[in-house]
Amino acid sequence: MRRKSIAGGGALVAVLALVPFATAGGGRTVETHQFNAGGDTVTTSFAKCEDGSQVSGGGHSITPTASNDISTRIKALFPTGLKMLVSIDSLQPANHFATSYAICRKGHKLDTVSKVEPIDGSSDQWPSVTAKCPKGTSVTGGGGSLTGSHNDTFILESRPKGDRGWYLKTFVSLTHVGEQRAYAICDSDESNKYETAKKTSTAVDARRAQRGVVTQVTAEAKCPKGSATSGGGYAGPDDPNRAVIENRPKGKRIWLGRVRTYHPEEGFTSYARCLVG
C-alpha cells in the first residue's frame, strides 16, 4: 500500500507512448489489487498488467463502513505504463477496503494521450477537460488525475466522449488552485471497432426521496453480445456529497457503476467502452 497525493504539472498536451502489444495473441484479462484506503488521508494503489499486455481501461471499488458512509472520493484513476493507478481520498477516520482494476489486452498497440488544464475553485468549482485521441484511432478507456492535498478536489465524472475523447469533470474547493489532467487510451488499429454503451439509473423519484438518508444507486452498462468492455466510466449531477463506490468491469460485457448519495432521484450513469469487432 502506498500513500501520497498526486502531483501534477507538465505541458498542456502530453503523449505517453506505451510499449506495443506482443504481435501474437489478442487476449483480454482483468487484473485486480486489494488494499486498505487509510482514514482521513489520500491512499494510492494500482493494479498491474503482465509484461506483453497493455492497459486499455480500469476502475475501482470501495466498501463502505457504515450505512451513512459517503466519505470516500476519487482523486485519481489513470493509466501509467503497465498499471492502472487509483487514489482514494477518505474524509473519515476509518479505513476502507478497496480494489483497483486494470483491463489488460494483447495483440494491439495502444498509446495514451493526456491533456492538462489549470483549476481555481474561486472562479469555477466544476471545471472539465477532455483528452482526445488522434484522428484514425479509437478511445478504449481513460481517466484523470488532480493536484492538491486531502479534501481539496475530486473527480465527479470520468467517461468516454464520442469515439476519440475522454472527458473529466471535477469538484474544486473554493480555496484550491492546481491542475486537472484527463487521459485517453487510444487504439490505432483501424480494424478494431468500438462503441459506447451507457445506463442511467435512479433509486426513487423526487417525491419518494428521503432527505438525509444515504441511498445506493446502481447502473450497469452492457455491451452487445460477442463484444467485451475495454474500459468504462461514470457521470452524475454536480453534487459533491456523493461517493462513487464502484466503477469497474463486471464479467466480460458489463461495466458496473454504484454511487451512494443523499439524492437518489438525480440519477447516476455508467459508461462502457465496447470492443465489438
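Side chains included, hydrogens not; waters and symmetry mates left out as well; all remaining heavy atoms used.
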Taking every non-hydrogen atom, the tightest pair across [X] and [Y]:
X      : Y      : value
Pro64  : Arg260 : CG-CD, 3.5 Å
Gly162 : Val139 : O-CG1, 4.3 Å
Ala37  : Ile88  : CB-CG2, 4.1 Å
Asn95  : Gly38  : OD1-CA, 3.3 Å
Glu31  : Cys104 : CG-SG, 3.6 Å
Cys186 : Val113 : SG-CG2, 3.8 Å

| task | Decide yes or no on side chain to side chain contact (heavy atoms under 4.5 Å, CB included) for Trp126 and Lys169, but give the supporting numbers first. | result | CA-CA 7 Å; Trp126 318 95; Lys169 188 175 186 178; 3.9 Å; yes
For the residue pair [X] and [Y], establish whether any side-chain heavy-atom pair is separated by less than 4.5 Å.
X      : Y      : answer
Thr229 : Ile254 : no
Tyr262 : Val214 : yes
Thr218 : Leu256 : yes
Asp111 : Thr137 : no
Lys135 : Arg164 : yes
Gln125 : Leu174 : yes
Ser227 : Lys225 : no
Tyr194 : Val276 : no

Give a yes-or-no answer on whether the side chains of [X] and [Y] include a donor-acceptor pair shorter than 3.5 Å.
X      : Y      : value
Asp187 : Asn192 : yes
His176 : Asp120 : no
Thr44  : Ser87  : yes
Thr65  : Gln92  : yes
Asp40  : His150 : yes
Thr130 : Trp166 : no
Ser56  : Thr140 : no
Glu179 : Thr147 : no
Arg273 : Thr196 : yes

Same apolar cluster (I L V M F W Y, side chains within < 4.5 Å links), [X]/[Y]:
X      : Y      : value
Ile103 : Val244 : no
Val55  : Leu77  : yes
Phe171 : Val42  : no
Val30  : Trp255 : yes
Phe154 : Tyr183 : no

[atom1]-[atom2] distance between [X] and [Y], expressed to the nearest 0.5 angstrom:
X      : Y      : atom1 : atom2 : answer
His33  : His60  : NE2   : NE2   : 15.0 Å
Thr29  : Glu50  : OG1   : CD    : 6.5 Å
Leu168 : Phe78  : CG    : CZ    : 11.5 Å
Lys115 : Gln180 : NZ    : CD    : 10.5 Å
Ser123 : Ile119 : OG    : CD1   : 10.0 Å
Leu85  : Ser45  : CG    : OG    : 7.5 Å

| query | Yes or no on side chain to side chain contact (heavy atoms under 4.5 Å, CB included) for Asp239 and Thr261, after CA distance, side-chain angles and deciding distance? | reply | CA-CA 9 Å; Asp239 179 7; Thr261 175; 3.9 Å; yes
Keeping [X] on the side-chain end and [Y] on the backbone end, is there a donor-acceptor pair under 3.5 Å?
X      : Y      : answer
Asp89  : Asn151 : yes
Lys48  : Ala102 : no
Arg73  : Arg242 : yes
Ser90  : Gly39  : no
Lys193 : Glu190 : yes

| field | Stepwise side chain to side chain contact (heavy atoms under 4.5 Å, CB included) test for Tyr167 and Glu157 | value | CA-CA 7 Å; Tyr167 175 84; Glu157 295 187 29; 3.5 Å; yes
| task | For the pair Arg28 and Ser230, evaluate side-chain hydrogen bond (donor to acceptor under 3.5 Å, both in side chains) and give the outcome as yes or no after the intermediate values. | result | CA-CA 8 Å; Arg28 170 191 177 275; Ser230 63; over 6 Å; no
| message | Under the criterion side chain to side chain contact (heavy atoms under 4.5 Å, CB included), I'd like the reasoning laid out for Ser71 against His96: C-alpha separation, chi angles, the key distance, then a yes or no. | response | CA-CA 10 Å; Ser71 66; His96 290 78; 3.4 Å; yes
| said: Would Ser145 and Arg181 count as a side-chain hydrogen bond (donor to acceptor under 3.5 Å, both in side chains) here? Give the steps. | reply: CA-CA 5 Å; Ser145 65; Arg181 185 185 296 267; 4.8 Å; no
| message | Can you confirm whether Lys198 is buried at NZ, in the sense that more than 12 heavy atoms of other residues, nucleotides or ligands lie under 6.0 Å from that atom? | response |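 Counting neighbours around NZ of Lys198, 12 or fewer heavy atoms of other residues, nucleotides or ligands fall under 6.0 Å, so no.
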| task | Show your reasoning for whether side-chain hydrogen bond (donor to acceptor under 3.5 Å, both in side chains) applies to His263 and Asn241. | result | CA-CA 9 Å; His263 303 286; Asn241 294 312; over 6 Å; no
| Working for salt bridge (Lys or Arg N to Asp or Glu O under 4.0 Å), residues Glu220 and Lys250 | CA-CA 9 Å; Glu220 293 187 352; Lys250 179 183 177 182; 2.7 Å; yes
| Steps toward side-chain hydrogen bond (donor to acceptor under 3.5 Å, both in side chains) verdict (Glu265, Thr202) | CA-CA 5 Å; Glu265 76 283 2; Thr202 58; over 6 Å; no
